[in-house]
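Structure record follows, encoded as C-alpha coordinates.
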Amino acid sequence: MAENLINPENLVYKKTDVLTDRIMHYCPGCGHGTAHRILAEVIDEMGIQNETIGVAPVGCSVLAYYYFNVDMQEAAHGRAPAVATGIKRVFPEKFVFTYQGDGDLAAIGTAETIHACNRGENILVVFVNNGIYGMTGGQMAPTTLVGMKSSTSPFGRDTKTMGAPLKITELIAQLPGTYFVTRQSVHKPGNVRKAKKAIRKAMEYQKLNKGTCFVEIVANCPSNWKMTPVQSNKWMEENMFPFYPLGDIKVPEEK
Amino acid sequence: MAKRGDVVIDIEKCKGCEVCISACPQEVLALAPQVNNKGYHYAIKVNSDCTGCANCAIVCPDAVITVYREK
Ligand SMILES: Cc1ncc(C[n+]2csc(CCOP(=O)(O)OP(=O)(O)O)c2C)c(N)n1
Ligand code: SF4
Ligand code: SF4
Ligand code: SF4
Ligand SMILES: [Mg+2]
(Lines give C-alpha, C1' and ligand atoms only; values in the text may rest on other atoms or scores of the structure.)
(Ligands and ions follow the chains in the order given, each with its own letter.)
Protein backbone atom coordinates (compact mmCIF):
# COMPACT_ATOMS: atom_id res chain seq x y z
CA MET A 1 0.00 0.00 0.00
CA ALA A 2 2.67 2.46 1.04
CA GLU A 3 4.91 1.58 -1.91
CA ASN A 4 3.24 4.09 -4.19
CA LEU A 5 4.57 6.88 -1.96
CA ILE A 6 8.14 6.19 -3.00
CA ASN A 7 8.62 8.57 -5.87
CA PRO A 8 10.64 11.77 -6.23
CA GLU A 9 7.56 13.95 -5.84
CA ASN A 10 7.10 12.80 -2.26
CA LEU A 11 10.74 12.94 -1.25
CA VAL A 12 11.22 14.81 2.03
CA TYR A 13 14.67 13.69 3.13
CA LYS A 14 17.70 12.13 1.54
CA LYS A 15 21.44 12.14 2.12
CA THR A 16 23.04 15.33 0.85
CA ASP A 17 25.54 15.10 -2.02
CA VAL A 18 27.95 17.19 0.05
CA LEU A 19 28.60 13.92 1.88
CA THR A 20 30.34 11.36 -0.28
CA ASP A 21 28.86 7.86 -0.65
CA ARG A 22 31.71 6.31 1.29
CA ILE A 23 30.62 4.33 4.35
CA MET A 24 31.96 6.19 7.37
CA HIS A 25 34.36 4.32 9.61
CA TYR A 26 32.72 5.58 12.81
CA CYS A 27 31.37 3.13 15.36
CA PRO A 28 27.61 2.46 15.29
CA GLY A 29 25.65 5.38 16.73
CA CYS A 30 28.65 7.72 17.01
CA GLY A 31 27.73 11.42 16.98
CA HIS A 32 30.53 12.26 14.53
CA GLY A 33 28.43 10.95 11.64
CA THR A 34 25.46 13.16 12.49
CA ALA A 35 27.70 16.17 13.07
CA HIS A 36 29.25 15.63 9.63
CA ARG A 37 25.86 15.31 8.01
CA ILE A 38 24.34 18.53 9.34
CA LEU A 39 27.44 20.51 8.44
CA ALA A 40 27.29 19.02 4.93
CA GLU A 41 23.57 19.85 4.71
CA VAL A 42 24.24 23.48 5.61
CA ILE A 43 26.93 23.70 2.92
CA ASP A 44 24.48 22.16 0.46
CA GLU A 45 21.56 24.42 1.40
CA MET A 46 23.72 27.55 1.22
CA GLY A 47 25.00 26.47 -2.20
CA ILE A 48 28.62 26.95 -1.12
CA GLN A 49 30.07 23.51 -1.86
CA ASN A 50 32.64 24.98 -4.23
CA GLU A 51 33.46 27.87 -1.88
CA THR A 52 34.08 25.79 1.23
CA ILE A 53 37.38 24.52 2.57
CA GLY A 54 37.47 22.26 5.60
CA VAL A 55 40.34 21.35 7.88
CA ALA A 56 40.32 17.87 9.41
CA PRO A 57 41.88 17.09 12.80
CA VAL A 58 43.63 14.14 14.36
CA GLY A 59 41.18 12.00 16.28
CA CYS A 60 38.41 9.70 15.15
CA SER A 61 37.42 12.33 12.58
CA VAL A 62 40.90 12.28 11.03
CA LEU A 63 39.36 10.83 7.87
CA ALA A 64 36.71 13.56 7.59
CA TYR A 65 38.16 14.49 4.20
CA TYR A 66 36.86 11.19 2.81
CA TYR A 67 33.32 12.11 3.77
CA PHE A 68 32.94 15.83 3.04
CA ASN A 69 32.61 16.42 -0.66
CA VAL A 70 34.44 19.76 -0.42
CA ASP A 71 38.10 20.79 -0.52
CA MET A 72 39.76 19.54 2.65
CA GLN A 73 43.15 19.83 4.28
CA GLU A 74 44.46 17.57 7.03
CA ALA A 75 46.18 19.33 9.94
CA ALA A 76 48.68 18.02 12.47
CA HIS A 77 47.11 17.17 15.83
CA GLY A 78 45.55 20.29 17.34
CA ARG A 79 46.78 22.63 14.63
CA ALA A 80 43.59 22.89 12.60
CA PRO A 81 42.82 26.50 13.65
CA ALA A 82 46.33 27.58 12.63
CA VAL A 83 46.01 25.82 9.27
CA ALA A 84 42.54 27.31 8.79
CA THR A 85 43.97 30.75 9.59
CA GLY A 86 46.43 30.40 6.73
CA ILE A 87 43.78 29.15 4.32
CA LYS A 88 41.30 31.89 5.20
CA ARG A 89 43.92 34.60 4.86
CA VAL A 90 44.90 33.39 1.42
CA PHE A 91 41.27 32.85 0.37
CA PRO A 92 39.30 35.40 2.40
CA GLU A 93 36.22 34.91 0.24
CA LYS A 94 36.01 31.16 0.96
CA PHE A 95 34.03 29.56 3.78
CA VAL A 96 36.58 27.88 6.02
CA PHE A 97 35.83 25.48 8.85
CA THR A 98 37.75 23.27 11.21
CA TYR A 99 36.27 20.09 12.62
CA GLN A 100 37.94 18.98 15.85
CA GLY A 101 37.52 16.65 18.81
CA ASP A 102 38.07 17.64 22.41
CA GLY A 103 41.51 16.04 22.63
CA ASP A 104 42.54 17.84 19.47
CA LEU A 105 41.00 21.21 20.34
CA ALA A 106 41.21 21.38 24.13
CA ALA A 107 44.40 19.42 24.88
CA ILE A 108 47.23 19.39 22.34
CA GLY A 109 45.68 22.23 20.33
CA THR A 110 44.73 24.56 23.18
CA ALA A 111 47.20 27.25 22.12
CA GLU A 112 46.10 27.23 18.48
CA THR A 113 42.44 27.26 19.50
CA ILE A 114 42.76 30.15 21.91
CA HIS A 115 44.97 32.27 19.70
CA ALA A 116 42.94 31.77 16.52
CA CYS A 117 39.79 32.70 18.45
CA ASN A 118 41.56 35.59 20.15
CA ARG A 119 42.72 36.94 16.81
CA GLY A 120 39.14 36.59 15.66
CA GLU A 121 39.96 34.60 12.55
CA ASN A 122 36.89 34.49 10.33
CA ILE A 123 36.47 30.75 10.44
CA LEU A 124 33.94 28.29 11.81
CA VAL A 125 35.23 25.92 14.46
CA VAL A 126 33.11 22.79 14.93
CA PHE A 127 34.11 21.22 18.22
CA VAL A 128 32.89 17.69 18.90
CA ASN A 129 33.17 17.11 22.63
CA ASN A 130 32.75 13.51 23.71
CA GLY A 131 34.79 13.91 26.87
CA ILE A 132 37.42 11.40 25.84
CA TYR A 133 40.18 10.54 23.39
CA GLY A 134 38.06 8.31 21.21
CA MET A 135 40.53 7.33 18.52
CA THR A 136 43.33 6.13 20.74
CA GLY A 137 41.27 3.96 23.06
CA GLY A 138 39.44 6.14 25.53
CA GLN A 139 42.10 8.01 27.48
CA MET A 140 41.10 10.89 29.76
CA ALA A 141 40.74 14.25 28.03
CA PRO A 142 40.72 17.71 29.59
CA THR A 143 36.95 17.53 29.10
CA THR A 144 36.44 14.20 30.91
CA LEU A 145 33.85 14.64 33.67
CA VAL A 146 34.70 14.40 37.36
CA GLY A 147 34.40 10.77 38.38
CA MET A 148 34.22 9.58 34.78
CA LYS A 149 36.16 6.41 34.08
CA SER A 150 38.58 6.27 31.18
CA SER A 151 41.50 4.03 30.36
CA THR A 152 43.84 6.50 32.10
CA SER A 153 41.46 7.27 34.97
CA PRO A 154 40.20 3.74 35.67
CA PHE A 155 38.83 4.74 39.08
CA GLY A 156 37.22 7.89 37.73
CA ARG A 157 38.63 11.38 37.24
CA ASP A 158 39.89 12.69 40.57
CA THR A 159 40.24 16.48 40.59
CA LYS A 160 42.96 16.32 43.25
CA THR A 161 45.43 14.75 40.89
CA MET A 162 43.84 15.26 37.47
CA GLY A 163 42.36 18.73 37.73
CA ALA A 164 38.83 19.78 36.89
CA PRO A 165 37.26 19.34 33.46
CA LEU A 166 37.92 22.24 31.16
CA LYS A 167 34.98 24.22 29.80
CA ILE A 168 36.94 25.54 26.89
CA THR A 169 33.84 26.83 25.12
CA GLU A 170 33.01 29.22 27.99
CA LEU A 171 36.65 30.29 27.97
CA ILE A 172 36.59 30.94 24.23
CA ALA A 173 33.41 33.00 24.63
CA GLN A 174 35.35 35.46 26.82
CA LEU A 175 37.70 36.32 23.99
CA PRO A 176 36.91 39.50 22.07
CA GLY A 177 37.71 37.72 18.79
CA THR A 178 34.75 35.34 18.97
CA TYR A 179 31.47 36.45 17.41
CA PHE A 180 29.10 33.54 18.00
CA VAL A 181 29.64 30.73 20.49
CA THR A 182 27.11 27.99 21.12
CA ARG A 183 26.81 24.48 22.53
CA GLN A 184 24.54 21.93 20.89
CA SER A 185 24.00 18.18 20.58
CA VAL A 186 22.89 15.80 17.83
CA HIS A 187 21.39 12.86 19.71
CA LYS A 188 17.68 13.59 19.20
CA PRO A 189 15.72 15.00 16.25
CA GLY A 190 15.00 18.34 17.96
CA ASN A 191 18.63 18.73 18.97
CA VAL A 192 19.85 17.88 15.49
CA ARG A 193 17.58 20.57 14.03
CA LYS A 194 18.84 23.16 16.53
CA ALA A 195 22.48 22.24 16.00
CA LYS A 196 22.03 22.55 12.26
CA LYS A 197 20.46 25.99 12.66
CA ALA A 198 23.43 27.03 14.79
CA ILE A 199 25.89 25.85 12.12
CA ARG A 200 23.88 27.67 9.47
CA LYS A 201 24.03 30.89 11.47
CA ALA A 202 27.74 30.48 12.02
CA MET A 203 28.35 29.96 8.29
CA GLU A 204 26.21 32.98 7.43
CA TYR A 205 28.12 35.10 9.95
CA GLN A 206 31.37 34.19 8.23
CA LYS A 207 30.33 36.50 5.38
CA LEU A 208 30.29 39.43 7.83
CA ASN A 209 33.99 39.11 8.76
CA LYS A 210 33.17 39.75 12.40
CA GLY A 211 35.24 37.04 14.03
CA THR A 212 35.39 33.39 14.92
CA CYS A 213 32.22 31.33 15.20
CA PHE A 214 32.49 28.36 17.51
CA VAL A 215 29.94 25.55 17.62
CA GLU A 216 30.46 22.88 20.26
CA ILE A 217 28.56 19.64 19.80
CA VAL A 218 28.42 17.52 22.94
CA ALA A 219 28.55 14.01 21.55
CA ASN A 220 28.68 10.39 22.58
CA CYS A 221 31.47 7.88 22.24
CA PRO A 222 29.59 4.65 22.79
CA SER A 223 32.65 2.47 22.24
CA ASN A 224 34.90 4.09 24.83
CA TRP A 225 32.09 4.91 27.24
CA LYS A 226 31.39 1.17 26.91
CA MET A 227 27.67 1.55 26.33
CA THR A 228 25.22 0.89 23.54
CA PRO A 229 24.55 3.96 21.39
CA VAL A 230 21.08 4.45 22.89
CA GLN A 231 22.43 4.06 26.44
CA SER A 232 25.25 6.46 25.68
CA ASN A 233 22.80 9.13 24.54
CA LYS A 234 20.86 8.76 27.77
CA TRP A 235 24.07 8.86 29.80
CA MET A 236 25.09 11.98 27.93
CA GLU A 237 21.82 13.72 28.84
CA GLU A 238 22.13 12.74 32.48
CA ASN A 239 25.85 13.40 32.95
CA MET A 240 27.32 15.56 30.21
CA PHE A 241 24.54 18.15 29.82
CA PRO A 242 24.44 19.22 33.49
CA PHE A 243 28.13 20.14 33.23
CA TYR A 244 28.06 21.22 29.58
CA PRO A 245 24.64 22.87 29.31
CA LEU A 246 23.24 23.25 25.82
CA GLY A 247 22.46 26.66 24.38
CA ASP A 248 24.05 29.84 23.08
CA ILE A 249 26.95 31.19 25.11
CA LYS A 250 27.76 34.31 23.11
CA VAL A 251 25.41 35.80 20.55
CA PRO A 252 26.00 38.84 18.38
CA GLU A 253 24.00 41.92 19.30
CA GLU A 254 21.35 42.11 16.60
CA LYS A 255 20.87 45.58 15.25
CA MET B 1 -5.48 11.99 9.93
CA ALA B 2 -1.75 12.26 9.76
CA LYS B 3 -0.22 12.12 6.32
CA ARG B 4 1.16 8.80 5.17
CA GLY B 5 4.87 8.40 4.80
CA ASP B 6 7.42 5.78 3.97
CA VAL B 7 11.12 5.20 4.47
CA VAL B 8 13.77 3.45 2.41
CA ILE B 9 16.64 1.99 4.39
CA ASP B 10 20.02 1.40 2.75
CA ILE B 11 20.59 -1.78 4.70
CA GLU B 12 24.23 -2.27 3.68
CA LYS B 13 25.12 1.12 5.20
CA CYS B 14 23.15 0.54 8.40
CA LYS B 15 25.18 -0.22 11.54
CA GLY B 16 22.24 -1.31 13.70
CA CYS B 17 22.79 1.42 16.27
CA GLU B 18 19.05 1.68 17.05
CA VAL B 19 19.16 5.48 17.37
CA CYS B 20 16.46 5.75 14.67
CA ILE B 21 14.30 3.22 16.49
CA SER B 22 14.20 5.29 19.66
CA ALA B 23 13.52 8.47 17.64
CA CYS B 24 10.47 7.13 15.78
CA PRO B 25 7.21 8.32 17.36
CA GLN B 26 5.24 5.68 15.41
CA GLU B 27 7.32 2.65 16.40
CA VAL B 28 7.77 1.82 12.74
CA LEU B 29 11.36 0.61 13.00
CA ALA B 30 13.10 -2.38 14.55
CA LEU B 31 16.27 -4.36 13.95
CA ALA B 32 16.07 -7.28 11.57
CA PRO B 33 16.97 -10.72 12.90
CA GLN B 34 19.21 -11.00 9.82
CA VAL B 35 22.53 -9.22 9.42
CA ASN B 36 23.99 -7.30 6.49
CA ASN B 37 27.36 -7.99 4.85
CA LYS B 38 29.16 -6.12 7.64
CA GLY B 39 27.46 -8.32 10.23
CA TYR B 40 25.14 -5.69 11.61
CA HIS B 41 21.49 -6.31 12.33
CA TYR B 42 19.94 -3.61 10.20
CA ALA B 43 16.88 -1.42 10.66
CA ILE B 44 13.64 -2.51 9.02
CA LYS B 45 10.02 -1.34 8.93
CA VAL B 46 7.70 -3.45 11.05
CA ASN B 47 4.41 -1.69 10.32
CA SER B 48 2.94 0.87 7.94
CA ASP B 49 2.29 3.63 10.48
CA CYS B 50 5.03 5.89 9.08
CA THR B 51 4.00 9.54 8.77
CA GLY B 52 7.15 10.66 6.96
CA CYS B 53 8.22 12.90 9.86
CA ALA B 54 11.90 12.20 9.04
CA ASN B 55 12.95 11.98 12.71
CA CYS B 56 14.69 8.66 12.04
CA ALA B 57 16.66 10.03 9.09
CA ILE B 58 17.63 13.17 10.97
CA VAL B 59 19.25 11.25 13.83
CA CYS B 60 20.84 8.50 11.74
CA PRO B 61 24.62 9.02 12.00
CA ASP B 62 25.19 7.16 8.75
CA ALA B 63 22.63 8.87 6.51
CA VAL B 64 21.01 5.53 5.80
CA ILE B 65 17.36 6.54 5.59
CA THR B 66 15.46 8.28 2.79
CA VAL B 67 12.01 9.60 3.67
CA TYR B 68 8.89 10.11 1.57
CA ARG B 69 5.61 11.72 2.50
CA GLU B 70 2.41 12.03 0.55
CA LYS B 71 1.75 15.50 -0.77
C1 LIG C 1 51.33 14.72 17.97
C2 LIG C 1 50.38 13.62 18.34
N3 LIG C 1 50.21 13.32 19.63
C4 LIG C 1 49.35 12.34 19.99
C5 LIG C 1 48.69 11.63 19.04
C6 LIG C 1 47.77 10.51 19.44
N7 LIG C 1 46.37 10.87 19.33
C8 LIG C 1 45.68 10.60 18.22
S9 LIG C 1 44.08 11.06 18.33
C10 LIG C 1 44.31 11.62 19.91
C11 LIG C 1 43.16 12.21 20.71
C12 LIG C 1 41.91 12.34 19.96
O13 LIG C 1 40.87 12.70 20.79
P14 LIG C 1 39.77 13.72 20.34
O15 LIG C 1 40.38 14.90 19.71
O16 LIG C 1 38.88 13.96 21.52
O17 LIG C 1 39.01 12.98 19.16
P18 LIG C 1 37.92 11.79 19.21
O19 LIG C 1 38.66 10.62 18.70
O20 LIG C 1 37.44 11.65 20.61
O21 LIG C 1 36.86 12.26 18.29
C22 LIG C 1 45.62 11.44 20.32
C23 LIG C 1 46.11 11.82 21.65
C24 LIG C 1 48.92 11.97 17.68
N25 LIG C 1 48.28 11.33 16.69
N26 LIG C 1 49.76 12.96 17.36
S1 SF4 D 1 35.74 5.54 19.22
FE2 SF4 D 1 34.10 6.86 19.96
S3 SF4 D 1 34.34 8.83 18.88
FE4 SF4 D 1 35.54 7.27 17.78
S5 SF4 D 1 34.17 6.51 16.16
FE6 SF4 D 1 33.97 5.13 17.91
S7 SF4 D 1 32.26 5.94 19.10
FE8 SF4 D 1 32.92 7.56 17.68
S1 SF4 E 1 20.12 5.13 12.98
FE2 SF4 E 1 20.87 4.61 10.92
S3 SF4 E 1 22.61 3.23 11.25
FE4 SF4 E 1 21.49 3.33 13.18
S5 SF4 E 1 20.08 1.57 13.10
FE6 SF4 E 1 18.96 3.34 12.29
S7 SF4 E 1 19.29 3.28 10.08
FE8 SF4 E 1 20.82 1.93 11.00
S1 SF4 F 1 9.72 9.03 9.09
FE2 SF4 F 1 8.98 9.32 11.19
S3 SF4 F 1 7.28 7.89 11.41
FE4 SF4 F 1 8.42 7.26 9.56
S5 SF4 F 1 9.85 5.71 10.31
FE6 SF4 F 1 10.93 7.67 10.38
S7 SF4 F 1 10.61 8.44 12.47
FE8 SF4 F 1 9.11 6.80 12.11
MG1 LIG G 1 37.05 13.19 21.97
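In what follows, every chain begins at residue 1, and chains take the letters A, B, ... in the order their sequences are listed.
The pair D21(A)-K15(A) meets the salt-bridge criterion, since a charged nitrogen lies less than 4.0 angstrom from a carboxylate oxygen. Looking at K3(B) and E70(B), no side-chain N of the basic residue comes within less than 4.0 Å of a carboxylate O on the acidic one, giving no salt bridge. Salt bridge status for K207(A) with E51(A): absent, with no side-chain N to carboxylate O gap under 4.0 Å. E41(A) and R200(A) are not joined by a salt bridge, as no carboxylate oxygen comes within less than 4.0 angstrom of a charged side-chain nitrogen. Salt bridge annotation for D62(B)-R37(A): absent, with no cationic side-chain nitrogen under 4.0 angstrom from a carboxylate oxygen.
Most heavy-atom pairs under 4.5 Å with chain A: of the set R69(B), E12(B), K13(B), this distinction falls to R69(B). Among the candidates G16(B), A23(B), C60(B), the residue making the largest number of heavy-atom pairs closer than 4.5 Å to chain A is C60(B). Chain A forms the most heavy-atom pairs under 4.5 Å with one residue out of S22(B), C17(B), P61(B), and that residue is P61(B). Between chain A and the residues A57(B), A54(B), C20(B), the most heavy-atom pairs under 4.5 angstrom are made by A57(B). Of all the listed residues (P8(A), P229(A), P222(A)), the one sharing the greatest number of non-hydrogen pairs under 4.5 Å with chain B is P229(A). Note: I58(B) leads V7(B), T66(B), I58(B), D10(B) in heavy-atom pairs under 4.5 Å with chain A. Top candidate by heavy-atom pairs under 4.5 Å with chain B, chosen from R193(A), H36(A), K196(A), is R193(A).
A distance below 6.0 Å separates the ring centres of Y67(A) and H25(A).
Although no hydrogens or angles enter the test, the distance criterion places a donor-acceptor pair under 3.5 Å between the side chain of S151(A) and the main chain of G138(A).
Heavy atoms of V8(B) lying under 4.5 Å from chain A belong exclusively to its side chain. With a 4.5 angstrom heavy-atom cutoff, H187(A) touches chain B only via backbone atoms. I21(B) does not touch chain A: none of its heavy atoms, backbone or side chain, sits under 4.5 Å away. For C14(B), no part lies near chain A; criterion is any non-hydrogen pair under 4.5 Å.
With contacts defined as side-chain heavy-atom distances shorter than 4.5 Å, the pair Y99(A)/V125(A) does not qualify.
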